[in-house]
Amino acid sequence: MKCEQVQSLLVAYLDGEATPSERALMQVHLSGCTVCQQEFDLLSTARSQVRAVLQRRAVQAIPSREVCDFPWRDTNFSLTVYRGSQSSVVSVNLPVSEEVQTHEEIFQKMRTDPNAELVGEETWIDGRAVYVLRSHQPVKAILEGSTELPMGWVLSYFDKETYKIVESRATMEKDGQEILVYSYQVIVDEILPAGSNVTWDLSDLQRIPIVDNPEGQHVSFLPEVLSEQQLASRTESAYLLQNIPEGFTLEISASPKQSTDQPFAYVATYRNEAGDYLVLQAIGIKEVKLMEEGTVESYTTARGLKLTFMDNTKSSSDKQFSSAVVETSEGAAFIINSTLPRKMIKELGEELVPVR
Amino acid sequence: LQIITHAQSGDREAFAILFEQYKILVYKTAYLMLGEASEGEDALQEIFLQVYKSLSGFDPGKAKFTTWLYRVTFNYCLNHRRKKRPLTLPLEDIAPALRSEFPGAQLAEEEILQQAIGKLTDKQPAVVILRYFWDLPYAEIAQILELPLGTVKSRIDLALKTLRKVLKEQASGKGSVSRMEVCE
């Protein structure tokens, strides 16, 4: 071994990082070369001094108590759960879709959508098997206080047995980052008698403050019940029946914090004790696709509203069921779903008037 | 490892345990890298905030937790140093920089060394701290700093030789440093 070679390995040698053969060769060289031996001694001293300096500096270095409390005091770090009041809307989703289309049919329809793709199957810890469907679609998101519909990705999980959606997650991209817009999982799916009180026991969420928030500043996505006057004050394009039919009650519900640049969405539910109903749902502008698919009859009211009845051959045998799209001359559109006969819906259509 | 897995799934108590276990590692490393107690404390907070946010990205199959934690710590410190001192001296200039034109203001060897370590550039102080403070083997240092083993070897070699040169010059009377520099 030459001096140059030895000196390039001295530090590694001191650090115990030279290979056994290097060590052996160096030991031989060092025993007979005073220049390299001197260099070795100097480096060895420097090494000890460096160690000593670092140890001495760091030995008193202890972070202050204040800093050590840090992550658990910082409010940015904590998660707060806001518990809103139970929505008092009795029926937002009537079992309409179940009668017209089964869950399986809805699933099949969704998976054949060109923007959707079946990405796989999973088995959950509880043993449930699910299909995972991913679709690229507009996602309703509240961005800087206003409701918008940016394009995003929605992952939907369908129970393989019932085809019901059991989980859904929507994400969107903003400033190069993926943001979770919403995520929900269906834990129980039960129909309770109207007026049932559901108590959420969240006591297992330890160290997470739970704030009751009945006013809804934080919890504001559940539909709320509106009076006719309130509906009129929210929008100028709402329609309702001039008079509530005999024996029926009316409930108007709408999502809070709706975007002002979109038509106001609301649901007016007329129902009687016999279980008949007529549900009028504002869907904003007319959807052409709806009009093309299996329409059976059109009817125009004296006030110029066009009712287009849909073919409901799939309705269950013992119960009549009708649905129709209502278009106003201004281009606003509504859907009517009802257990009433078509003739009666036409008669009621004559009574549809703008809410003032 | 179980604690890390719990912390990864959002268990705050597990994260608190991680913090307790590793706060000294992070704090002392940052303190040695940055040179001041207050900076070390800021670093401790910032680094654990980053750890909290990015813990899900840590893969126990790929590296030891401490390797990952050292890496997060050094990345923070290197960025911080870069911001703070955009003009660092090249390694070769350290010895002359420590030399004073005013003889008589002799400093203890340790203080000279301390300053010399502080003036090492880029990843040089990191290798010195990992090797001579934390006593880590070269291979682990290479993993932490994401450098080839040969590079770690040559950097440690160069760093120690530079520091030795500083000491040698100081011993031969050339290496006194002005008071101005001491107070820097």
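To find a chain, count down the sequence lines: A is the first, B the second, and so on, and within it residues start at 1.
- Under the 4.0 Å criterion applied to side-chain N and carboxylate O atoms, A/Lys160 and A/Glu121 are assigned as salt-bridge partners.
- Between chain B and the residues A/Leu54, A/Asp15, A/Leu43, A/Ile62, the most heavy-atom pairs under 4.5 angstrom are made by A/Asp15.
- The number of heavy-atom neighbours closer than 6.0 Å to CD of A/Gln38, taken from other residues, nucleotides and ligands shown, is 12 or below.
- In terms of modelled atom types and a separation under 3.5 Å, the side chain of A/Arg111 and the main chain of A/Glu117 share no donor-acceptor contact.
- We find the OH-CZ distance between B/Tyr52 and B/Phe48 to be 13.0 Å, quoted to the nearest 0.5 Å.
- Within the 4.5 angstrom heavy-atom criterion, only side-chain atoms of B/Ile24, from C-beta onward, approach chain A.
- For B/Asp42, no part lies under 4.5 angstrom from a heavy atom of chain A.
- For B/Tyr27, the part lying near chain A is the side chain, with the backbone staying farther off; criterion is any non-hydrogen pair under 4.5 Å.
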